[in-house]
Amino acid sequence: MSAQVSTERPVGRIARSTVPQDTVTLARWLLGLVLIGKVHGVQVSGRIVETEAYLQHEPACHGFRGMTPRNRSLFLEHGRAYVYLCYGTSYMLNVSSEAAGIGSGVLLRALEPLTGIEQMRRGRTHVRPADVTRGPGRLAAAFHIDRRDDGRDLFTDSQLWIGRDSYEVADVGVSVRIGITKAVEERLRFFVAGSRFLSGPRSLNAG
DNA sequence: TCGCGGATGAACT
DNA sequence: GTTCATCCGCGAG
């Protein structure tokens, strides 16, 4: 099958009032939207093609044991960035997903690069262009996302935000989540079916 | 394409 | 001291 590749289209702001306030709904709704960032003053962007939902009531979720200094952004109202360092090497970008006080969120796992590809690859020229935003750690590295971005409002921020263009997702795929050790059976990973820019083993990206 | 092992650092128990 | 939602390079098939 031929993977559809999106072309450049004008990206606009999304009214906060239209952002879903339910974790699984938000995880699916984010697919096809565009993440915009800035690297050394240059705008970079990519289409969201893969997300995972993390619900506070399950042990795989960072909010499971309640609020701590690290995860407090997860408990803000929906649409805030929760950024943390994983394995000492990779930052993860999440979107808080429920009302204030509830520690659920959506992990952004992969983007299809749209603009600023060479900027994203700066200093990582050994990474193939198609791989530069494949995987949550590489996505954050490409956008230079770190703990300073923690807490940003991703629908009103000027440096790091989520917008929308005319692209519409045809088919959404569902699978188990990747890389976790708890609640491994939950099917809470969502992706743009057929995208060439997904992370994880091929077997998870079919159907 | 896959599976494996090491690197890595901050938060948490 | 343990945990961890990863990445990279390597070698086998």
Side-chain angles (χ1 to χ4, degrees), chain A residues 1 3 23-24 26-28 30-31 35 46 48-76 78 80-98 102-111 113 120-152 154 160 173-192 194-207:
Chain A
M1 72 179 68
T23 307
V24 172
L26 181 68
R28 305 180 78 118
L30 285 168
L31 294 177
L35 180 69
I48 299 169
V49 296
E50 180 182 342
T51 62
E52 281 177 355
Y54 286 89
L55 311 172
Q56 187 179 0
H57 64 74
E58 40 154 10
C61 181
H62 284 196
F64 182 65
R65 293 174 188 280
M67 194 168 11
T68 70
R70 178 178 72 170
N71 69 17
R72 67 181 177 77
S73 296
L74 203 50
F75 290 79
L76 297 174
H78 70 310
R80 298 296 200 101
Y82 164 48
V83 180
Y84 81 100
L85 182 63
C86 186
Y87 293 104
T89 55
S90 305
Y91 287 96
M92 307 281 128
L93 173 61
N94 296 258
V95 184
S96 69
S97 56
E98 302 271 349
I102 299 178
S104 299
V106 175
L107 171 69
L108 268 41
R109 286 198 56 93
L111 307 177
M120 292 192 270
R121 292 179 69 213
R122 248 174 95 167
R124 342 180 59 232
T125 49
H126 58 288
V127 180
R128 292 181 308 175
D131 288 339
V132 73
T133 52
R134 187 200 305 278
R138 289 190 288 213
L139 177 166
F143 276 59
H144 288 207
I145 289 167
D146 60 30
R147 269 247 111 184
R148 291 173 305 190
D149 296 300
D150 187 59
R152 285 190 196 272
L154 293 171
L160 182 66
V174 182
S175 81
V176 295
R177 293 171 292 186
I178 293 176
I180 58 172
T181 56
K182 299 162 190 158
V184 294
E185 74 288 352
E186 301 286 346
R187 295 172 60 81
L188 291 172
R189 172 175 175 263
F190 305 96
F191 55 92
V192 175
S195 170
R196 301 166 37 217
F197 302 92
L198 303 176
S199 73
R202 235 178 158 70
S203 56
L204 278 190
N205 297 332

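To find a chain, count down the sequence lines: A is the first, B the second, and so on, and within it residues start at 1.
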Participant: A:D149: which residues meet the salt bridge (Lys or Arg N to Asp or Glu O under 4.0 Å) condition with it, sequence neighbours left out?
Facilitator: A:R152
Participant: If a pair satisfies side-chain hydrogen bond (donor to acceptor under 3.5 Å, both in side chains) and one of its residues is in residues 179-190 of chain A, list it, with sequence neighbours excluded.
Facilitator: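 Applying side-chain hydrogen bond (donor to acceptor under 3.5 Å, both in side chains) to every pair that reaches into residues 179-190 of chain A, excluding sequence neighbours, yields A:E50-A:R189, A:S175-A:R189, A:R189-A:N205.
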Participant: Heavy atoms within less than 4.0 Å of DNA chain B: which residues of residues 58-69 of chain A have one? Give them sorted by number.
Facilitator: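 Within residues 58-69 of chain A, the residues near DNA chain B are A:T68, A:P69.
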Participant: Does one side chain, of A:R80 or A:S73, offer a donor that lies under 3.5 Å from an acceptor on the other?
Facilitator: no
Participant: Closest heavy-atom contact between A:R134 and A:D131?
Facilitator: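 The answer is NE-OD1, 2.7 Å.
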Participant: How would you summarise protein contacts on nucleotides 6-13 of chain C per nucleotide, using B for base, S for sugar-phosphate only and - for none, with heavy-atom distances below 4.0 Å?
Facilitator: BSS-----
Participant: Mind checking what makes salt bridge (Lys or Arg N to Asp or Glu O under 4.0 Å) contact with A:R147, not counting sequence neighbours?
Facilitator: A:D150
Participant: Sequence neighbours left out, what pairs pass salt bridge (charged side-chain N to carboxylate O under 4.0 Å, His left out) with at least one residue falling in residues 54-66 of chain A?
Facilitator: A:E58-A:R177
Participant: What integer distance in Å separates A:L74:CG from B:dA11:P?
Facilitator: 16 Å
Participant: Got a second to check how far A:L198's CG is from A:R109's CZ, nearest 0.5 Å?
Facilitator: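 Going from the CG atom of A:L198 to the CZ atom of A:R109 covers 10.0 Å.
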Participant: Mind listing the N/O atom pairs, protein and nucleotides 1-6 of chain B, below 3.5 Å?
Facilitator:
from, atom 1, to, atom 2, distance (Å)
B:dT1, OP1, A:R202, NH1, 3.2

Participant: Donor-acceptor pairs are to be reported for all side-chain atoms of residues 83-93 of chain A against protein atoms at under 3.5 Å, with residues two or more places apart or in another chain.
Facilitator:
none

Participant: In whole angstrom, what separates A:D150's CG from C:dA5's C1'?
Facilitator: 15 Å
Participant: Classify A:R70 by what it touches in the nucleic acid, base, sugar-phosphate, or nothing, heavy-atom distance under 4.0 Å.
Facilitator: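 Sugar-phosphate only.
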Participant: Please name all residues satisfying side chain to side chain donor-acceptor pair (under 3.5 Å) with A:S97, sequence neighbours left out, ordered by chain then number.
Facilitator: A:T23
Participant: In what stems does DNA chain B take part, counting only runs of at least 3 consecutive Watson-Crick or G-U pairs whose two distances fall under 3.5 Å?
Facilitator: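 B:1-7 with C:6-12, B:9-12 with C:1-4 - these are the stems of 3 or more pairs that involve DNA chain B.
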Participant: Identify, with sequence neighbours excluded, every residue that meets salt bridge (Lys or Arg N to Asp or Glu O under 4.0 Å) alongside A:R202.
Facilitator: none
Participant: What's the separation between atom CG in A:L107 and atom CD1 in A:I180, rounded to the nearest 0.5 Å?
Facilitator: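 Answer for the CG-CD1 pair, A:L107 versus A:I180, is 10.5 Å.
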Participant: With sequence neighbours excluded, tell me which residues meet side chain to side chain donor-acceptor pair (under 3.5 Å) with A:R72.
Facilitator: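 With neighbours one apart ignored, the set is empty.
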Participant: Taking all heavy atoms of A:C61 and all of A:L74, pick out the closest pair and write down the distance.
Facilitator: SG-CD2, 4.5 Å
Participant: Respond yes when some side-chain nitrogen or oxygen of A:K182 is under 4.0 Å from OP1 or OP2 of C:dC4, and no when none is.
Facilitator: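 So the side-chain polar atoms of A:K182 do come within 4.0 Å of the phosphate oxygens OP1 or OP2 of C:dC4, strictly under.
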